[in-house]
Amino acid sequence: MATYNPREIEKKWRKYWVDNKVYKVTNDSDQPKFYVLDMFPYPSGAGLHVGHPLGYIASDIFARYKRMKGFNVLHPMGYDAFGLPSEQYAIQTGIHPTEATRQNIARYRQQLDNIGLSFDWDREVQTCDPNYYKWTQWIFIQIFQHYYCKDSKKAQPIADLVATFEKEGNVNVNAATSQEAKFSADQWKAMTPKQKDEMLMNYRLGYQKVGFVNWCEALGTVLANDEVKDGVSERGGHPVEKKPMMQWSLRITAYAERLLGDLDDLEWSDSLKAMQKNWIGRSEGAQAFFNVQDTDEQIEIFTTRPDTIYGATFMVLAPEHPLVDKLTTEENKTKVVEYKKYVNSRSERERMADVKEVTGAFTGAYAFNPITGKELPIWISEYVLLDYGTGAIMAVPSDDERDKSFAEKFDLPIIDVVDKSKYPNATLHDKVGVMINSGFLDGMEVPEAIKAANQKIEDMGIGKRRINYKLRDANFSRQRYWGEPYPILFDKDGVAHAVPENELPVQLPILDDFKPTADGQSPLAKAEDWVNEKEGFRRETDTMPGYAGSSWYFLRYMDANNNNEFASKEAMNYWKEVDLYVGGTEHAVGHLMYSRFWHKFLYDKGMVPTTEPFKKLINQGMIQGVIEYIYLKKDKENGKSQFYCADMVKEMGAGNFAKIPVHVDFVQEYGSPKSFLNRESIQKFVAWRPDYADAEFICGNCTYNPSNPPNDGKDCNLVTKSEVGKMSKRYFNVVNPDDVIERYGSDCFRMYEMFLGPIEQGKPWDTKGIDGVSKFLRKFWSLYHDDNNVFTISNEAATKDEMKILHTAIKKVNDDIERFSFNTCVAAFMVATNELKKIKCNKRAILEPLAQLIAPFGPHIAEDLWAKFGNHDNGISVHKVAFPQADESYLKEDSITYPICVNGKKRAEMAFASDASKEDMEAGAKALEAIQQHIEGKTIRKVIVVPQRMINIVAG
RNA sequence: GCCGGUGUGGCGGAAUUGGUAGACGCGCUGGAUUCAAAAUCCAGUUCUCGCAAGAGAGUGAGGGUUCGAUUCCCUCCGCCGGUACCA
């Protein structure tokens, strides 16, 4: 048998590719372009596990395929090296982030190289490299120096806005802003520099404001909304509280409408589009002002149901609403203060946990319903959120679940305003029904009433139609060391100025003590020499968050070594946008939203040629691992820990046990329902976890004590519990691709990962199945080699059958790569190999194109065989030649075997010439004995003949 | 709750526009080779009845459209992901 030795050939060809710069790509090509991008990794200390390369392999196959199809393919890679994970790792290991990042990148590079990916490494980017973050800072300055004009629907220079203010104030300005009040040119001119600066901050797309931020004490930083999950930090699971702080923000809300609208044209999955839509959270409604009794104050509310205004019986403000203190009457003060204190004491997590419980306090004040004039008591409650809408609502208990339970709890009136009797299945939430008890709206259907109510509100001048978004401006400040420094200087008055372009990059100072500080100050504040600039200027000490560098890196690859611009116009006009982007769903609303926002901003400035950065996007599924647990009894027995068989636990009550994850390497038959620890593996377990050296292991009828093992030669099996879950260090179930590659070779690893199933689907890793692919590769190799492993090929002409096998595979693989169905491509290779092996085909006319066909999947074996055919004499790599094209003429059959059905059920088969007439086929089918049996005595009502497919006789 | 996805043998999965359900692989069973094992090769493997030929059932459940449904429509259930006092 020929021996396939992947270790040898893979090393050889990887060197060849590097030496010959096979994957180098230029920007001046006559070929059409194609840009295939992977989401670049965080170089964390853990390294890659078998789940990470799934997307890289898929995109690599596609990139190689496109390259062979005659495209100039940009397929780059880099590292998202700034940010919390890198810094956390540095703190844990005590190694400086610069050094830790360097080491981690080296390790990642080694692992990536091992997989045989076709990246052009000359274009590598690292977000922590000053030559890179110079441009991150530069783009931030552009964002800082622009505002969003709602008339032209794009970003405009802040200098233009200043000119307008000088001329006429803000009376005619229609901008994305938090500035509601109008001012004149004179008022503007009367402002101090600091006041002007603060006013402009209300308009800038990158601006500073005091806001309630997600403060994480343990991490010593502020987190963005999408870095907080269930009230705790996404990384580390530390508690997060709301805290007012001066922070940089990006006005992403200005782009909400475009971010939403442009989704339609993208080739992204429905679920991903839905996630972005939900995150943007557009809702149409009305803003209205309610006067407050005995004051000049007004309460601004937002509602999507202005039609139900006659049913409004009270108002609710968020406890943190600025009007609360002003409105609260003397006699209600104590209760309100108490309630606010209670709300404040509750963590985000507690608030979410008991959503059902209704709480609140009465302020003692009353507002007037602007339409009915009725008095409405003003309450405060935590179910109204300061962040959303206006932080205040008109409560309509008849048509809102929460208002209803609030009214019931505090005994407030409920007026029915919508008659839903015509819609028995409708819930309170559905906008259907007929208006009642609602004055001029009576008798209208809800959608009509909404329009009428909106019109009335506008006519009366008490409010306006408004579109509200759930999307918040993005917090862009971190009080951390390992990030891009801000290119911002504050003058003596505290006015923010952009650092002049020729002074970029603002380099991150080298600090020995880079740990976060307890008082919330950035560690950079400690670098006094760095902070204090000439002429009394002081540097901003916050750094940018992790997503800053990743919001534009795909542009840098187009022209990665440009020192004059972030990328040249020519480069961007050539590469345009990313044609295929592959990565995980975890970036659905973070990275993908911010990148789209930055890109749209750059588009507004004419700096990029397209409105969207990523045309087609594929989310690879997560590869899961098997988690093996053993059950530890919570109560010790005679001071000893006891582990029990998983099958004994049910009877004894699972609540009495803690599940302890075991290293999967110790477990026998791991992943199966029978998985267990034998005596030997129990010994390994206690050697690994010495704290359990004294424990007893109770397996069925025997008790095993590893510290005092009986010498009876028997064994006992402690049954473990297998679950499918995350592959992670903490479950001791990580499979390292390096180990798999060491054993099977990287071509095998690549093809096995693809063979597991559809790329977008999550699936558990099972190393056992890899033998099938390994076997296939050996068989494939043996097509080209004789029993002594000598490359042996015949130059004889191929037969029709052989050509059919080849071209069937070519067609299948071409079609399936185009639809990203890589698992079925691997199956097609197996089919072709099995068939060729059976007929002992070793003809060049078949095997040479077959080697080309497999090249995107198994690049090393393909290159090796390609070289053996003598093709390297011309210096041409298999990865640079044209991909085989299917010749349909070989696929045509002379005769086709048709299934013949009676009433849709297959009863016989019969072969007909491929050009046989329908009449002949019908007659032939009817004449068959097996068919006769089934139609005997019945009337034939219809015969359906579908050419190339089947024949169906309808009888009855 | 809402939004999106998904459900096929013992397992991973295939069936691209409605046309032979279960490709390919794992696992399992039997056989060949071997002193033995590994490796390799051959045969079988959806379920039920049957020695077999064959018959019946079958793609989460129920219903519908159709000559014909894993595929389209309706109702329901399970699982995965997202999201939530969103006014």
Side-chain angles (χ1 to χ4, degrees), chain A residues 1 3 269-279 281-283 285 301-305 308 316 351-352 354-358 381-385 387-396 399-403 405-406 427 429 468-470 585-586 588-589 619 621-622 624 671-673 752 755-758 760-766 768-773 775-776 778-779 782 812 815-816 818-819 821 823-831 833-834 837 897-909 930 941-956:
Chain A
M1 180 67 192
T3 39
S269 70
D270 288 343
S271 75
L272 201 80
K273 286 186 185 181
M275 275 189 229
Q276 291 223 336
K277 272 181 196 158
N278 286 340
W279 195 257
R282 181 184 197 271
S283 57
I301 61 112
F302 174 74
T303 177
T304 55
R305 295 297 303 275
T308 61
V316 187
R351 251 178 108 151
M352 281 180 202
D354 42 45
V355 161
K356 291 282 166 288
E357 196 166 328
V358 181
S381 174
E382 60 179 339
Y383 84 86
V384 175
L385 308 174
D387 284 15
Y388 186 75
T390 59
I393 61 159
M394 66 172 197
V396 183
D399 279 270
D400 183 284
E401 213 63 71
R402 296 147 304 162
D403 296 349
S405 27
F406 195 85
T427 62
H429 204 71
N468 195 52
Y469 297 95
K470 210 166 77 181
T585 19
E586 65 272 23
V589 289
N619 287 123
M622 241 213 306
Q624 294 154 308
S672 82
Y752 181 57
F755 191 57
L756 281 173
E760 303 212 63
Q761 210 170 291
K763 52 232 148 189
W765 175 265
D766 177 11
K768 273 180 267 162
I770 200 168
D771 284 332
V773 177
K775 222 182 276 181
F776 151 72
R778 284 191 299 247
K779 203 168 182 180
S782 76
K812 177 87 182 143
D815 291 354
D816 286 0
E818 290 286 352
R819 64 189 183 101
S821 174
N823 53 332
T824 53
C825 290
V826 178
F829 289 126
M830 289 173 172
V831 170
T833 303
N834 290 341
K837 188 73 193 170
T897 303
Y898 283 82
I900 299 163
C901 310
V902 176
N903 295 334
K905 192 131 205 125
K906 187 190 155 195
R907 296 297 177 182
E909 273 183 0
R941 299 182 191 279
K942 206 172 177 184
V943 178
I944 294 142
V945 179
V946 185
Q948 321 287 323
R949 293 285 183 196
M950 47 75 71
I951 298 164
N952 187 20
I953 298 167
V954 187

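The chains referred to below are lettered A, B, ... by the order of the sequence lines, with proteins before strands, and numbering in each begins at 1. As the structure is a prediction and not an experimental result, all values here were calculated from the model.
- Side-chain atoms of Y388(A) and S283(A) include a donor-acceptor pair closer than 3.5 Å.
- Taking CD1 of I393(A) as the reference point, atom CG of D400(A) lies at 6.5 Å (rounded to 0.5 Å).
- Atom P of rA37(B) sits at a distance of 12 Å from the matching atom of rG31(B), rounded to the whole Å.
- Taking a pair as Watson-Crick or G-U with both hydrogen-bonding distances under 3.5 Å, the stems of three or more pairs touching RNA chain B are B:1-7 with B:77-83, B:10-12 with B:24-26, B:27-32 with B:40-45, B:46-49 with B:54-57, B:60-64 with B:72-76.
- Annotation: rG58(B) and rU48(B) have their C1' atoms spaced 11 Å apart (nearest Å).
- Per the geometry, CZ belonging to R941(A) stands 11 Å off C1' belonging to rC67(B), to the nearest Å.
- Straight-line distance from the CZ atom of R402(A) to the P atom of rC85(B): 10 Å, rounded to whole Å.
- To the nearest 0.5 Å, atoms NZ (K470(A)) and CG (N278(A)) are separated by 5.5 Å.
- For E760(A) and rG4(B), the CD to P distance is 17 Å, given to the nearest whole Å.
- Residue-environment remark: CD (E401(A)) stays at or below the threshold of 12 foreign heavy atoms within 6.0 Å.
- Spacing of C1' atoms, rA21(B) relative to rA57(B), comes out at 13 Å, to the nearest Å.
- On the P atoms, rU34(B) is 39 Å away from rC49(B), given to the nearest whole Å.
- To the nearest angstrom, C1' of rG10(B) lies 12 Å from NZ of K768(A).
- Atom CD in E382(A) sits about 11 Å away from atom P in rC85(B), given to the nearest Å.
- The backbone N or O of Q948(A) lies less than 3.5 Å from a partner atom in the side chain of Y898(A), making a donor-acceptor pair.
- With rounding to whole Å, R778(A) atom CZ is found 5 Å from rU40(B) atom P.
- Atom OG1 of residue T824(A) and atom CZ of residue F755(A) lie 10.0 Å apart, to the nearest 0.5 angstrom.
- The side chain of R907(A) contributes an N or O atom lying less than 4.0 Å from OP1 or OP2 of rG56(B).
- Spacing of P atoms, rA53(B) relative to rC35(B), comes out at 37 Å, to the nearest Å.
- Because its glycosidic torsion is more than 90° from 0, rG56(B) is reported here as anti.
- As rounded to whole Å, 13 Å separates atom C1' of rA87(B) from atom CD of E401(A).
- Contact check for W765(A) versus L756(A): side-chain heavy atoms found under the 4.5 Å cut-off.
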Sequence-aligned protein contact record of nucleotides 12-25 of chain B, with B where the base is within under 4.0 Å of a protein heavy atom and S where only the sugar-phosphate is
BSSSB--BB--BBS
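- Comparing the same atom, P, in rG27(B) and in rC11(B) gives a spacing of 15 Å after rounding to whole Å.
- Residue-level contact check: R282(A) touches neither bases nor backbone, having no heavy atom under 4.0 Å from any strand.
- Rounded to the nearest Å, the gap between the P atom of rC72(B) and that of rG82(B) is 26 Å.
- Taking atom OH of Y388(A) as the reference point, atom P of rU83(B) lies 16 Å away to the nearest angstrom.
- Between the side chains of K942(A) and N952(A), no donor N or O sits under 3.5 Å from an acceptor N or O.
- Checking side-chain atoms of T585(A) against main-chain N and O of A588(A) turns up no donor-acceptor pair under 3.5 Å.
- Salt bridge D816(A)/R819(A): present, at least one basic N to carboxylate O contact under 4.0 Å.
- Comparing the P positions of rU71(B) and rG9(B) gives an interatomic distance of 15 Å, to the nearest angstrom.
- Mapping N468(A) and A274(A) onto RNA chain B via the closest heavy atom, the residue that lands nearer the 5' end is A274(A).
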